[in-house]
Amino acid sequence: MNVVVCVKLVPDPDSVGQLDATTHRLRRDLAEPVLDPGDEFGVEAGLRLVEAHGGEVRVVSMGPERALDAVRKALAMGAARGVLVTDDDLGGSDALTTAKVLAAAIGREPFDVVITATESTDGYTGIVPQALAELLDVPAVTFATGVVSDGTALTVTRQTESGSETILAGLPCVLSVTAGVNEPRYPSLRGIMGAKSKPMDRWTLADLGLGGVGGAGAGQTVVSVTTSEERRAGEVVTDDGDGAHRIVLLLARARVI
Amino acid sequence: MALGTVWVFAELSQDRAATGALELLTKARSLGAADVEAVCFGPGAGDAVAELGRHGATTVRLSTDPAFAELLLGGPAADTLAAAVAEHRPDLILFAATHTGRDVAGRLAAKLDVPVIANGLDIEAGEAITVTTAIFGATQVVRTEFGARRPALALFRPKSFPAAVAPGAVAPRVVEVPAVIRECHRRARVVDRSVEIAAGPKLEEAEVVVSGGRGIQNAGNFELLREVAELLHGAVGASRAVVDAGWVPYSLQVGQTGKTVKPAVYIACGISGAMQHTVGMRGAQKIVAINKDPQAPIFKLADLGIVGDALIVLRQLRDELRSRPG
Ligand SMILES: Cc1cc2nc3c(=O)[nH]c(=O)nc-3n(C[C@H](O)[C@H](O)[C@H](O)COP(=O)(O)OP(=O)(O)OC[C@H]3O[C@@H](n4cnc5c(N)ncnc54)[C@H](O)[C@@H]3O)c2cc1C
């Protein structure tokens with residue numbers, strides 16, 4: 001099975017993000033960049049598919065030069081090879097541009113499954129997997145909480161607004177996975193050492209034959225960024241056995257009991 | 001540039017128009033558009049027409065093709081919409097930022113090569129169409145203007161707008177849309193579907209929400225939250241961490257990628273208060289937080305913060321509520 005996993009380098013989600021007041025872009029200098037934690041589930045899902053059915057996992061990323069770190073971590077987890085699309089013109093790209101670039105990079109070789117997270121931790125428009133599937137002209141099986149395969153099709157459980165669904169999906173397809181789908185492995189020391197010698201390509205927009213995409217090509221413009229009003233903290237008390245009673249008093253004041 | 005026709009992509013929820021569609025129609029009416037129409041796909045679409053009309057759709061474009069329920073909706077819905085767009089040329093299409101809304105809007109944007117803005121909170125249409133989105137847990141507000149390409153696509157978080165019936169609305173015109181179902185989409189079939197039916201009021205509508213996070217420690221302990229919620233005629237909510245852990249279904253998730261709730265009282269138990277969670281509940285009138293860590297960020301927005309063991313406090317709360325007269 002040929003599996004492609006899309007990964008992204010993001011500012012460490014455990015630190016608070018901020019937009020640059022003048023460029024209106026995410027300030028990536030404030031936090032340590034890491035492989036998006038959401039993508040680790042995708043890498044794990046891909047590795048499990050090839051471990052069961054053969055083939056290999058190819059990792060594709062778009063981002064600045066140092067996004068190679070994200071690709072490298074996926075290689076350390078066990079992916080076979082990686083590619084990073086990096087180009088100065090890609091700064092400030094919107095979701096659709098991202099999908100176009102990823103689709104061009106993925107479509108250069110045959111694939112059976114393309115795996116993504118449901119959204120990135122930093123940008124989270126949450127529509128890249130679907131746009132990508134459209135550009136690759138395959139179904140998108142989204143919001144997966146469980147995936148099994150017999151080698152020719154995927155059986156996927158997915159979240160819905162009101163419950164869950166089971167989907168039987170033939171290949172090729174795009175699969176977006178939630179954080180509940182598996183328990184990602186830690187890269188082993190051998191994996192980390194081995195990753196250094198795995199093939200890794202670096203492509204520009206010209207290499208992909210894509211011109212006119214990227215920040216300038218975007219069909220939307222940010223006109224302002226403002227800080228919204230904070231909610232103010234009330235009283236914080238240590239529970240001395242009367243915590244529950246205080247809650248009851250608040251509920252009564254709010255007239256819900 | 002005057003705004004032409006606005007479409008609302010109306011999802012179905014158990015054969016009724018989903019609340020999100022009614023909210024979007026209500027907002028669409030206020031944009032000064034030439035016309036407001038709803039588009040609805042699914043075998044039950046006919047049953048949603050009256051409700052969509054009452055909320056301001058002058059026309060409901062629908063397809064009741066059974067394929068819309070048998071297949072994953074995203075692909076066929078985007079293809080069918082694209083064909084309808086080519087014929088009727090709406091200026092703007094509004095979607096709810098739900099799983100289905102994202103599945104359809106994401107594909108449609110790529111298919112038509114038109115801009116799309118996700119996570120919207122508000123929209124204005126004047127010289128340009130401008131969408132407000134909140135980022136970083138609603139600590140910053142971004143206004144983004146669409147360029148000239150049409151249709152513009154925008155997704156809005158549920159509860160961004162109130163749903164209200166349009167005064168003087170007449171029964172809408174119903175127009176059948178030919179379903180476009182390509183072979184490749186027949187490859188992804190729904191073989192089973194289950195709906196979680198929770199007792200008591202719906203999470204989005206409950207006056208009291210008792211929400212649990214990782215601090216509740218295991219799935220079994222959620223029973224305690226259910227008991228307290230029931231005593232308060234409220235609903236149980238959850239953080240994404242416990243949904244991901246499989247302790248409770250996704251339908252209970254509150255936050256950026258879950259539901260938005262605005263109850264009279266929100267009780268956060270063992271929830272740290274990550275911005276992706278608080279964006280879904282900061283609109284509550286009163287917030288109570290129980291957390292054993294005095295530094296937990298949730299306390300920054302709580303009206304009442306209790307530093308302590310959530311399970312102990314909840315047990316006492318249950319007992320005290322039970323012993324109250326009437
Ligand atoms: C793109 C994106 C979207 C997201 N969307 C959502 C979303 O929609 N909703 C959401 O909730 N999250 C969302 N998240 C995840 C979010 O960032 C947090 O990881 C999550 O909310 C944390 O859940 P938690 O508070 O239950 O767990 P933790 O952060 O682990 O907090 C557990 C808390 O429990 C406390 N605790 C432990 N034991 C006890 C005890 N006995 N009594 C009392 N307190 C105790 C701890 O002090 C801690 O504060 C999203 C993240 C990303 C990146």
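Throughout, a chain's letter reflects where its sequence line sits, starting with A, and its residues are numbered from 1. Bear in mind that the values here come from a model prediction, so they are computed numbers and not experimental data.
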Rounded to the nearest 0.5 Å, how far apart are [atom1] of [X] and [atom2] of [Y]?
| X | Y | atom1 | atom2 | answer |
| --- | --- | --- | --- | --- |
| A:I257 | B:E207 | CD1 | CD | 13.5 Å |
| B:Y250 | A:T178 | OH | OG1 | 10.5 Å |
| A:H245 | B:Q316 | NE2 | CD | 11.5 Å |
| A:L135 | B:R107 | CG | CZ | 9.0 Å |
| B:I117 | A:T125 | CD1 | OG1 | 11.0 Å |
| B:R102 | A:T142 | CZ | OG1 | 8.5 Å |

Residue [X] versus chain A: region with a heavy atom under 4.5 Å:
| X | result |
| --- | --- |
| B:R240 | side chain |
| B:K286 | both |
| B:V208 | side chain |
| B:Q285 | backbone |
| B:E145 | both |
| B:V313 | both |
| B:L321 | side chain |
| B:T257 | side chain |
| B:R315 | neither |
| B:D103 | both |
| B:D113 | both |

I would like to know whether A:R158 and B:V190 meet side chain to side chain contact (heavy atoms under 4.5 Å, CB included); could you show each step before the answer? CA-CA 10 Å; A:R158 70 187 290 264; B:V190 179; over 6 Å; no
Which is it for B:S251 and A:S162 under the side chain to side chain donor-acceptor pair (under 3.5 Å) test, yes or no, and what are the steps along the way? CA-CA 5 Å; B:S251 51; A:S162 55; over 6 Å; no
Do you know the tightest heavy-atom contact between [X] and [Y]?
| X | Y | value |
| --- | --- | --- |
| A:P172 | B:R187 | O-NH2, 2.7 Å |
| A:L251 | B:V265 | CD2-CG1, 3.9 Å |
| B:A110 | A:A131 | CB-O, 3.6 Å |
| A:V256 | B:A264 | CG1-CB, 3.8 Å |
| A:Y124 | B:A134 | OH-O, 4.0 Å |

Which one, [options], leads in non-hydrogen pairs under 4.5 Å with chain A?
| options | answer |
| --- | --- |
| B:D319, B:T133, B:I287 | B:I287 |
| B:R193, B:E11, B:K292 | B:R193 |
| B:P294, B:A284, B:A289, B:G308 | B:A284 |
| B:A188, B:P249, B:A245, B:A118 | B:A188 |
| B:L314, B:V191, B:L71, B:T100 | B:V191 |
| B:G147, B:G75, B:C184, B:S194 | B:S194 |

Can you tell me which of [options] forms the most heavy-atom pairs within a distance under 4.5 Å of chain B?
| options | value |
| --- | --- |
| A:V181, A:T227, A:I127, A:I167 | A:I167 |
| A:T145, A:V141, A:V138, A:L132 | A:V138 |
| A:R255, A:E183, A:E119, A:K100 | A:E119 |
| A:C173, A:A169, A:P139 | A:P139 |
| A:V237, A:T157, A:T155 | A:V237 |

Heavy-atom check, side chain of [X] versus side chain of [Y], under 4.5 Å:
| X | Y | value |
| --- | --- | --- |
| B:T144 | A:T221 | no |
| B:H99 | A:T118 | no |
| A:Q220 | B:V131 | no |
| B:L304 | A:E235 | yes |
| B:D309 | A:D239 | no |

Need one label for [X]: side chain, backbone, both or neither, based on atoms under 4.5 Å from any heavy atom in chain B.
| X | answer |
| --- | --- |
| A:L171 | backbone |
| A:A99 | neither |
| A:A140 | both |
| A:L96 | side chain |
| A:D137 | both |

For B:V104, does its backbone N or O pair with a side-chain atom of A:Q130 as donor and acceptor, under 3.5 Å?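 Not a single qualifying donor-acceptor pair exists.
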Look at the side chain of A:R231 and the backbone N and O of B:R282, then say whether any donor-acceptor pair between them is shorter than 3.5 Å.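 A pair under 3.5 Å: yes.
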Hey, are A:R253 and B:D303 close enough for a salt bridge, meaning a charged N less than 4.0 Å from a carboxylate O?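 So A:R253 does not pair with B:D303 through a salt bridge.
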A quick test of your reading: do over 12 heavy atoms of other residues, nucleotides or ligands sit less than 6.0 Å from [atom1] of [X]?
| X | atom1 | answer |
| --- | --- | --- |
| B:R16 | CZ | no |
| A:R232 | CZ | no |
| B:R189 | CZ | no |
| B:K111 | NZ | yes |

